[in-house]
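Okay, so here's the structure we're looking at.
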Amino acid sequence: MQETNDVEYQRAAPDDLLSGFVKCYWSVHNPDQEEKKFSILPDGYFDLLFRALEGQPIRVSISGLWNQETTSVVPGKTTIFGISFKLPASEYILKESIAALVNTEQGLPPDFWGLELRDLTDFNALVGTLQQKMHQRLCKNIDNRKLHLFETLYASNGSITAEEVSNTILWSNRQISQYFKDQFGISLKSYCTILRYRASFDHLNEKELYPQQNYSDQAHFIREVKKYSGVTPGVLAENQNNRFIQLSTLKKE
């Protein structure tokens, strides 16, 4: 367990069966009475969120892909549990498009997946419970071409052209573009730039302010960091007061 800006943070990796669909499980617990605020940065994943506030029922929501910095508030005496999903999970676990959820969060029924408030008190047990539920929901008929598509994107950290993607997985640019638009609400090119930007977190966390991810030059890197973070690489790397929780809790993957 990590402590970041007076909140308690936990994280766990998925099992092998779900590794192509789940990035990680995580939780943030605010033990204090006052709320905590953090900046959340685009990272190329979408989240299923379970919020447990003392004396209230579970609040469940799903957030789509983000292409801009947003503020997250953790109220006092609250635990937030999240599943960060890789994009194929929208089709093969949740079985719905997230195209309408770009830069937004949508509430779900409080009994979604049948969790109760007490389930959010034991992180490891909850991870086990949710993995079982996802094993049951995982589609049996999966298009391996789509899995290959995302394996290629994640392995390259987005530093790949649409033409290279098409040639690698033998799927036309037009078909890939339509798939991204219909299922995720953004273009393949935009998604690649988010993945490349996310990959720079490791370097910025080490106070390395020069591009390492195939940016054309320093000015290009600065523009993209400002586009997705609203700040310069220097401000992001400084991470004053642990404002950017994804950098504060970064672990080598």
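Quantities reported herein were computed from a predicted structural model and do not represent experimental measurements. Numbers here simply count residues along the sequence, with the first being 1.
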Any side-chain to backbone donor/acceptor pair from [X] onto [Y]? Under 3.5 Å, distance only.
{"X": "N239", "Y": "F244", "value": "yes"}
{"X": "N30", "Y": "D32", "value": "yes"}
{"X": "S166", "Y": "A162", "value": "no"}
{"X": "K77", "Y": "P31", "value": "yes"}
{"X": "S200", "Y": "Y197", "value": "yes"}

With heavy-atom distances below 4.5 Å as the criterion, would you say the side chains of [X] and [Y] are in contact?
{"X": "L188", "Y": "N173", "value": "no"}
{"X": "Q246", "Y": "D43", "value": "yes"}
{"X": "C192", "Y": "L153", "value": "yes"}
{"X": "L130", "Y": "L48", "value": "no"}
{"X": "S61", "Y": "R51", "value": "yes"}
{"X": "L65", "Y": "I194", "value": "no"}
{"X": "Y45", "Y": "C24", "value": "no"}
{"X": "Y25", "Y": "Q131", "value": "yes"}

Common cluster, [X]/[Y], ILVMFWY with side-chain heavy-atom separation under 4.5 Å:
{"X": "L49", "Y": "W66", "result": "no"}
{"X": "V235", "Y": "L41", "result": "yes"}
{"X": "L117", "Y": "L108", "result": "yes"}
{"X": "F46", "Y": "M134", "result": "yes"}
{"X": "L147", "Y": "L149", "result": "yes"}

To the nearest 0.5 angstrom, please state how far the [atom1] atom of [X] sits from the [atom2] atom of [Y].
{"X": "L53", "Y": "T78", "atom1": "CG", "atom2": "OG1", "answer": "4.0 Å"}
{"X": "L126", "Y": "Q10", "atom1": "CG", "atom2": "CD", "answer": "10.5 Å"}
{"X": "F150", "Y": "L195", "atom1": "CZ", "atom2": "CG", "answer": "9.5 Å"}
{"X": "E96", "Y": "Q183", "atom1": "CD", "atom2": "CD", "answer": "9.0 Å"}
{"X": "T193", "Y": "K227", "atom1": "OG1", "atom2": "NZ", "answer": "5.0 Å"}
{"X": "Q106", "Y": "S63", "atom1": "CD", "atom2": "OG", "answer": "11.0 Å"}

Are more than 12 heavy atoms from other residues, nucleotides or ligands located less than 6.0 Å from atom [atom1] of [X]?
{"X": "K181", "atom1": "NZ", "result": "no"}
{"X": "D16", "atom1": "CG", "result": "no"}
{"X": "E34", "atom1": "CD", "result": "yes"}
{"X": "K207", "atom1": "NZ", "result": "yes"}

Check the pair T249 / V28 against side chain to side chain contact (heavy atoms under 4.5 Å, CB included), numbers first and verdict last. CA-CA 11 Å; T249 59; V28 174; over 6 Å; no
Under the ring pair (Phe, Tyr, Trp, His ring centres under 6.0 Å) test, which residues partner Y179, sequence neighbours left out?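 By the ring pair (Phe, Tyr, Trp, His ring centres under 6.0 Å) rule, Y179 matches W171, F184.
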Identify every side-chain donor-acceptor pair in residues 67-76 under 3.5 Å, counting partners at least two apart or on other chains, and give the distances.
{"unit_1": "N67", "atom_1": "OD1", "unit_2": "N103", "atom_2": "ND2", "d": "2.7"}
{"unit_1": "E69", "atom_1": "OE2", "unit_2": "S39", "atom_2": "OG", "d": "2.8"}

Heavy-atom closest pair, residues [X] and [Y]:
{"X": "F50", "Y": "F112", "result": "CE2-O, 4.1 Å"}
{"X": "S248", "Y": "N242", "result": "OG-OD1, 3.1 Å"}
{"X": "S27", "Y": "F123", "result": "OG-CD1, 3.5 Å"}
{"X": "G185", "Y": "V102", "result": "O-CG2, 3.8 Å"}

Contact list for residues 113-132, test salt bridge (Lys or Arg N to Asp or Glu O under 4.0 Å), sequence neighbours left out: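 Every salt bridge (Lys or Arg N to Asp or Glu O under 4.0 Å) pair that includes a residue of residues 113-132, provided the two are not neighbours, is E116-R118.
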Once you measure the plane-to-plane angle for F21 and Y92, does it fall in the parallel (<30°), tilted (30-60°) or perpendicular (>60°) bin?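 Perpendicular, since the angle between the ring planes exceeds 60°.
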Show which side-chain atoms of residues 218-225 pair as donor or acceptor with protein atoms under 3.5 Å away, not counting sequence neighbours.
{"unit_1": "Q218", "atom_1": "NE2", "unit_2": "L209", "atom_2": "O", "d": "3.0"}
{"unit_1": "H220", "atom_1": "ND1", "unit_2": "S216", "atom_2": "N", "d": "3.2"}
{"unit_1": "H220", "atom_1": "ND1", "unit_2": "S216", "atom_2": "OG", "d": "3.1"}
{"unit_1": "H220", "atom_1": "NE2", "unit_2": "E224", "atom_2": "OE2", "d": "3.3"}
{"unit_1": "E224", "atom_1": "OE2", "unit_2": "R196", "atom_2": "NH2", "d": "3.3"}

Only pairs under 3.5 Å count here: list side-chain donor-acceptor contacts from residues 80-89, not counting sequence neighbours, and write none if there are none.
{"unit_1": "S84", "atom_1": "OG", "unit_2": "W26", "atom_2": "NE1", "d": "3.2"}
{"unit_1": "S84", "atom_1": "OG", "unit_2": "D47", "atom_2": "OD2", "d": "2.6"}
{"unit_1": "K86", "atom_1": "NZ", "unit_2": "S19", "atom_2": "O", "d": "2.8"}

Which pairs, with at least one residue in residues 136-145 and sequence neighbours excluded, count as a side chain to side chain donor-acceptor pair (under 3.5 Å)?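 Every candidate side chain to side chain donor-acceptor pair (under 3.5 Å) pair involving residues 136-145 fails, so no pair, neighbours aside, qualifies.
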The test is side chain to side chain contact (heavy atoms under 4.5 Å, CB included); show your working for V60 and L115 and say whether it passes. CA-CA 10 Å; V60 187; L115 294 184; over 6 Å; no
